[in-house]
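Reading through the C-alpha cells given below for one structure.
What you see below is based on every heavy atom in this structure, not just the backbone, and it leaves out hydrogens, waters and symmetry mates.
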Amino acid sequence: MCIRDRYQRRVHGGKNFLRKMFMRQFLPLKHITSLKKLVTAKSLRMFSLKQNKPYREEDQVITTKLDFDSQFKTIPTFRVIDLQGNVIAKEYDNLDPKILKRIYKKMVQLEEMDTILLQAQRQGRISFYMPCFGESACVIGSAAALNDYDLIYPQYREQGALLWRGMTTDEFTSQCASNGRDPAKGRQMPVHYTSSKLNFVCVSSPLTTQVPQASGAGYSFKLKQQDRVAVTFFGEGASSEGDFHTGMNFAMTLGSQTLFLCRNNKYAISTPSDEQFKGDGVAGKSKGYGMLTIRCDGNDALAVYQAVKYARQYIIKKKEPAFIEFMTYRVGDHSTSDHSILYREEEELKSWTQINNPIIRLGLYLKKKGIMQIDEESDKELRKKYRSDVIKSLKAAIEEKKPGISQLFLDVYDRQTLNLNSQRQSLEDHLEKYKDKYNLENFEK
C-alpha cells in the first residue's frame, strides 16, 4: 500500500495520524518537532483529494481502421552552420562574437588538456582518464547557453562545462593526481570532478544515476519558484537503463525544471547505437513521455547554443522539462580502459575527425565571418600555450603530497562513531609500528 493510500484511509486523523504513521516509522525523534511545522491543513488536503474525471466521448480519438503503427516520423536534426562553416539558418546567426570566440578557445583548450592527461595515464602518472574528443561542441556550447547557477548533473565527459565556468588547470590536475588540493580528497577516480562553487555535482561512476537525481532537483526548483534549472548530461547508452525512464517520467508528470541533454555519440563503450535500440534514436523515446524534444547537430556549436538557450527559457516559463538529443561522435576511446580500434574501422574515425570536426567547423565559421583570424600558425600558438599550461600544472600536481591518511575517516558522519574512532586508532598504531614499511612522507599530516 502506498503512503498516499494510507493517508487517504486515515485522513480524518489529521496531524496526529501523520505524526504517528510517518514520523515514528521513518524519522528519528529529534527531527519530529521540526517536521510538525510542515504539516499543515493544505498538505493534508493534498493527500485526501479524490479524482473526478467522468467519461467524455468527445475526448476520444476514434478510428474504424485496424492500423498498427511502429514508427513516428523521423525527427530532423537542427543545424545552423554546415560542414564548411557556412550559415544555413540565418535567423539563428545572431550570437555575440565574444561568446563565440570564447567557445572556440575553450574547445581548443579542452582538446589539449584531454590530450596531455590521456598521455599522462599512458605513462603511468595518473591512473585513469576519459577524454571528450569529438564532443566538445555539445558540452561547451551547452554550458555557454546556461546560467552559471544552473545545477549540472554530469555523466563523465563534461569537463568542458567546468572549463567554461572557470575551473582552473590546477584544479583539474589536482583532482586527476588525487593530491591534497583535490576537493574530493583523493576518494574519487581521476576525471570524476566536482565543484560546489561552480554548481557541478560530483561525477558518479555507476551509469545513469544522475538522471533521476536531476529530475528531483528540478522539481525542487519548481516548488521553490526559482529561476534555476537542473541539467543532466548522459550518453545514448544510458537511455537503456531503467533510471533513465524513471527520471524522464518523474520529471514530466511532476513538471520538473530539468533539462535532459543526451550526447548520442554512437557508442556505449563498444556497443553501437543500432544494437542498443531501434526506433528513432533517443529523441523518439523522449517524445513518448510527452516532453518538448529536439534533435540537434551536436558538432555545430551555434545550433547547440541556440537549442539549449531556447530549452532553458521554455522550462522556466512552462514549468516543465525539455529534452535535447545531440548527434555527435566519440572520437576517442571510451576511457583509458578501452581500445576502440578493436571494434571500429580507422576509416570511420577519419571521416568524423576530418569531415565533421566541431572545432574545425566553428573555426571556419569564425574565419568567414571575420570574427577571428584562424590559420595554421595561430592554431599552433594557441595550442602550444594551453599544452604548456597543462604540462606545468600536472608536474606540480603530481609532486604535491597526497591527502592525510586520517581523511579516510572523515566526511561521513557529523560526529565520529565509536567504531570509526576504533578503526582510526588501530590504523594509527599500525602505521606507527611499521612506519618504515610505508612512504608516509608522501602524505599530508
Side-chain angles (χ1 to χ4, degrees), residues 1-9 11 42 45-79 89 91 208 211-212 214-216 218-219 221-223 229-230 232 234-262 264 273-297 303 306-327:
M1 182 186 298
C2 72
I3 291 179
R4 178 182 175 128
D5 290 338
R6 294 169 74 176
Y7 284 160
Q8 287 177 330
R9 285 195 176 192
V11 69
K42 182 179 179 180
R45 285 198 302 272
M46 176 184 71
F47 290 104
S48 63
L49 289 176
K50 293 183 178 180
Q51 298 294 320
N52 183 19
K53 298 178 181 178
Y55 177 81
R56 288 163 51 91
E57 177 66 12
E58 57 268 31
D59 293 340
Q60 313 307 312
V61 180
I62 305 297
T63 182
T64 57
K65 295 181 179 180
L66 186 61
D67 286 342
F68 288 80
D69 195 0
S70 64
Q71 184 62 275
F72 293 108
K73 183 179 179 180
T74 301
I75 300 170
T77 301
F78 172 63
R79 177 180 281 182
E91 62 182 301
T208 329
V211 173
S215 298
Y219 184 46
F221 299 155
K222 175 187 175 180
L223 293 178
V229 170
T232 181
F234 51 94
E236 86 289 341
S239 71
S240 299
E241 293 286 327
D243 277 351
F244 168 80
H245 299 279
T246 299
M248 292 284 285
N249 193 53
F250 185 105
M252 194 62 208
T253 54
L254 293 178
S256 299
Q257 291 179 193
T258 305
L259 177 55
F260 297 91
L261 301 178
C262 175
N264 188 338
S273 56
D274 59 1
E275 292 182 16
Q276 298 174 53
F277 47 75
K278 301 300 179 182
D280 190 17
V282 187
K285 300 180 183 183
S286 171
K287 291 188 73 173
Y289 287 103
M291 195 176 296
L292 183 78
T293 300
I294 191 172
R295 177 171 287 145
C296 178
D297 184 342
Q306 295 286 13
V308 172
K309 198 76 173 178
Y310 179 90
R312 190 194 183 281
Q313 292 170 351
Y314 173 90
I315 291 168
I316 295 299
K317 181 179 179 180
K318 298 289 187 178
K319 306 299 180 186
E320 63 181 52
F323 181 97
I324 303 175
E325 180 180 18
F326 294 126
M327 307 308 289

Nearest atoms (heavy-atom pairs only) where [X] meets [Y]:
{"X": "A283", "Y": "I75", "result": "CB-CD1, 3.6 Å"}
{"X": "Y314", "Y": "P321", "result": "CE2-O, 3.9 Å"}
{"X": "D243", "Y": "V211", "result": "O-CG1, 4.0 Å"}
{"X": "E236", "Y": "S273", "result": "CG-CB, 4.2 Å"}
{"X": "D297", "Y": "A303", "result": "O-CB, 4.3 Å"}

If you round to the nearest 0.5 Å, how far is [atom2] of [Y] from [atom1] of [X]?
{"X": "F323", "Y": "T232", "atom1": "CZ", "atom2": "OG1", "value": "10.5 Å"}
{"X": "M327", "Y": "R79", "atom1": "CE", "atom2": "CZ", "value": "11.0 Å"}
{"X": "L223", "Y": "S256", "atom1": "CG", "atom2": "OG", "value": "8.5 Å"}
{"X": "F326", "Y": "I294", "atom1": "CZ", "atom2": "CD1", "value": "9.5 Å"}
{"X": "S215", "Y": "M252", "atom1": "OG", "atom2": "CE", "value": "11.5 Å"}
{"X": "T258", "Y": "F221", "atom1": "OG1", "atom2": "CZ", "value": "8.0 Å"}

**OP:** Could you check H245, K285, Q276 and say which one makes a side chain to side chain contact (heavy atoms under 4.5 Å, CB included) with S239?
**Re:** K285
Original post:
Which one of D280, T77, N264 satisfies the side-chain hydrogen bond (donor to acceptor under 3.5 Å, both in side chains) criterion with R295?
Top reply: D280
**OP:** Check the surroundings of atom OH in Y55: do more than 12 heavy atoms from other residues, nucleotides or ligands lie under 6.0 Å from it?
**Re:** yes
Original post:
Take atom OH in Y310; do more than 12 heavy atoms of anything else shown fall under 6.0 Å from it?
Top reply: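 Open.
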Subject >> E320 and K318 ion-paired at < 4.0 Å >> reply: no
Subject >> Residue of the set Y289, F260, F250, F234 for which ring-ring contact (aromatic ring centres under 6.0 Å, His included) holds with F244 >> reply: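 Checked Y289, F260, F250, F234 against F244; only one passes ring-ring contact (aromatic ring centres under 6.0 Å, His included): F234.
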Original post:
Quick check: does any side chain N or O of K278 sit under 3.5 Å from a backbone N or O of D274, one acting as donor and the other as acceptor?
Top reply: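 Here the side-chain-to-backbone pair exists.
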